[in-house]
2 protein chains.
Amino acid sequence: MSNAPSCSAWRLYVIVDRSAAKGRDLARIAQQAIRGGADVIQFRDKAALAGSLAEEGERLLKVTRAAGVPLIINDRVDVAAAIGADGVHLGREDLPVEAARRILGPGKLLGKSTHSLQQALAADREAIDYLAVGPIYPTPTKPDYPDVGPALIGQVASQVAHPVVTIGGIDERTLPEVIAAGARCAAVVRAVCAADDPEAAARRLKRAFVL
Amino acid sequence: MSNAPSCSAWRLYVIVDRSAAKGRDLARIAQQAIRGGADVIQFRDKAALAGSLAEEGERLLKVTRAAGVPLIINDRVDVAAAIGADGVHLGREDLPVEAARRILGPGKLLGKSTHSLQQALAADREAIDYLAVGPIYPTPTKPDYPDVGPALIGQVASQVAHPVVTIGGIDERTLPEVIAAGARCAAVVRAVCAADDPEAAARRLKRAFVL
């Protein structure tokens with residue numbers, strides 16, 4: 001993404017997740033999300049094997065490239081490298097940041113999940129491009145992690161140098177509280193992927209940032 | 001592996017698989033297998049996330065490096081690249097060979113699974129180092145694939161240029177039939193990993209090739 005905006009300009013980060021898409025076409029959902037204002041798309045499918053991830057990733061990449069929006073792959077650094085995606089998001093149990101960076105090569109975006117102030121401060125010292133903090137609210141996607149609550153957002157945002165992506169149970173109802181707590185970017189899964197009209201849902205979420 | 005023997009010299013290919021190891025230490029099983037005569041070790045753990053695969057892979061790599069035996073990682077090209085393993089084994093639903101080769105860089109071993117003569121002939125035209133053919137016998141590891149039977153071994157071996165690794169339900173009892181059918185190398189999982197004495201089991205299997 002030569003002309004991609006930097007992560008600090010992101011407001012709406014849409015995760016296109018197979019398990020939340022109700023069987024619908026992921027590339028179409030990504031397209032609708034982008035039309036609605038998504039600044040970045042992450043592709044996540046915890047159940048798929050690398051071959052089908054690469055195929056689906058290439059379909060998504062056509063959509064995101066045409067729109068000039070970066071595509072981030074969840075976890076699989078090899079899939080991202082294989083298809084030339086714009087970056088990778090690493091969870092706590094994925095590859096180390098420096099290994100991912102080495103495999104991906106220069107100019108790619110690396111994000112890392114954090115679930116506490118301590119983890120956020122540690123990630124902030126790594127060679128990442130952004131860090132995610134959450135789950136802000138309870139979410140079925142991360143049943144193993146207790147929700148950290150919106151109060152952590154301000155603490156993290158004031159103490160880290162990297163852009164912060166808030167994540168976890170954020171939807172149209174909770175987003176104003178997240179923004180009031182200091183969030184400049186929110187990641188959503190079900191709020192767009194599972195919406196009857198993903199484009200309209202994305203548009204409403206995006207609008208919350210400019211109000 | 002600068003001094004690794006070429007794949008064509010392999011006879012006993014031991015897959016160290018978490019699900020077959022009965023909770024025992026994988027690095028220790030690998031060490032025992034090598035002492036018993038394993039020519040190559042593959043690390044496979046379909047349930048683990050990349051971070052723990054990389055940690056376990058590094059432990060295995062210490063054992064295999066010390067013994068001068070190559071370590072192949074199943075599926076995860078990124079994990080193999082991260083730890084500097086000697087190669088990757090790709091299943092039918094993993095990344096394409098050329099993508100894996102590009103990510104791994106030069107001098108690494110690439111193997112590919114095939115389940116028919118047609119697939120073996122196609123894989124033989126790819127930039128691989130060896131191809132696997134199987135499952136020769138029924139195996140709980142590959143319940144989705146019908147066993148191809150030992151008769152396929154000779155057909156494949158006589159028509160492909162690459163070294164052939166036979167796999168699937170091979171144990172001490174069936175190995176003589178596999179060798180008689182033309183196999184020069186056999187991959188085993190449970191026959192070593194689940195054996196009470198992995199070293200003795202590997203030694204008996206290896207011996208079948210020289211008798």
Side-chain angles (χ1 to χ4, degrees), chain A residues 18 43-59 61 72-85 87-106 108 110-115 119 122-123 126-128 141-142 144-145, chain B residues 18 43-59 61 72-85 87-106 108 110-115 119 122-123 126-128 141-142 144-145:
Chain A
R18 174 84 59 199
F43 172 39
R44 184 167 78 180
D45 185 346
K46 293 288 191 188
L49 296 172
S52 73
L53 283 176
E55 281 176 29
E56 187 70 51
E58 283 184 335
R59 296 185 61 235
L61 205 50
I72 309 279
I73 306 295
N74 187 274
D75 167 26
R76 296 281 316 220
V77 181
D78 47 3
V79 171
I83 67 172
V88 171
H89 186 84
L90 299 169
R92 306 297 304 171
E93 301 174 274
D94 294 335
L95 282 182
V97 166
E98 65 274 21
R101 182 70 77 192
R102 205 168 56 234
I103 294 165
L104 286 174
K108 298 298 183 178
L110 267 187
K112 182 154 179 176
S113 296
T114 71
H115 309 302
Q119 288 180 0
E126 296 197 83
I128 58 171
T141 313
K142 296 274 181 191
D144 300 340
Y145 293 100
Chain B
R18 173 85 57 199
F43 172 38
R44 184 168 79 180
D45 184 346
K46 292 289 191 187
L49 296 172
S52 72
L53 283 176
E55 281 176 28
E56 187 71 51
E58 284 185 334
R59 295 185 62 234
L61 206 49
I72 309 279
I73 306 295
N74 187 275
D75 167 26
R76 295 282 315 219
V77 182
D78 46 3
V79 171
I83 68 171
V88 171
H89 186 83
L90 299 169
R92 306 299 303 172
E93 300 173 275
D94 295 335
L95 282 182
V97 166
E98 65 273 22
R101 182 70 78 193
R102 206 167 57 235
I103 294 166
L104 286 174
K108 299 298 184 179
L110 267 187
K112 182 155 180 177
S113 296
T114 71
H115 309 301
Q119 288 180 359
E126 295 196 83
I128 57 171
T141 314
K142 296 275 182 191
D144 300 341
Y145 292 101

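What you see is a predicted model; the values in this text were computed from it and never measured.
Taking CG of A:L53 as the reference point, atom NZ of A:K46 lies at 10.0 Å (rounded to 0.5 Å).
Pairing each heavy atom of B:A127 with each of B:L110, the nearest pair is O-CD1, 4.2 Å. Closest of all the heavy-atom pairs between A:I73 and A:A80 is CG1-CB, 3.8 Å.
Using a 4.0 Å cut-off between charged side-chain N and carboxylate O, A:D45 and A:R76 make no salt bridge. With salt bridges taken as basic N to acidic carboxylate O contacts below 4.0 Å, one links B:R59 and B:E56.
Considering only heavy-atom pairs separated by less than 4.5 Å from chain B, the leading option among A:A82, A:G105, A:A48 is A:A82.
Looking at residues two or more places apart in sequence or on another chain, you find a side-chain contact (heavy atoms from CB on, under 4.5 Å) between B:R102 and B:A99.
Residues of residues 87-96 of chain A that come within less than 4.5 angstrom of chain B, heavy atom to heavy atom, are A:E93, A:D94, A:L95 in numerical order.
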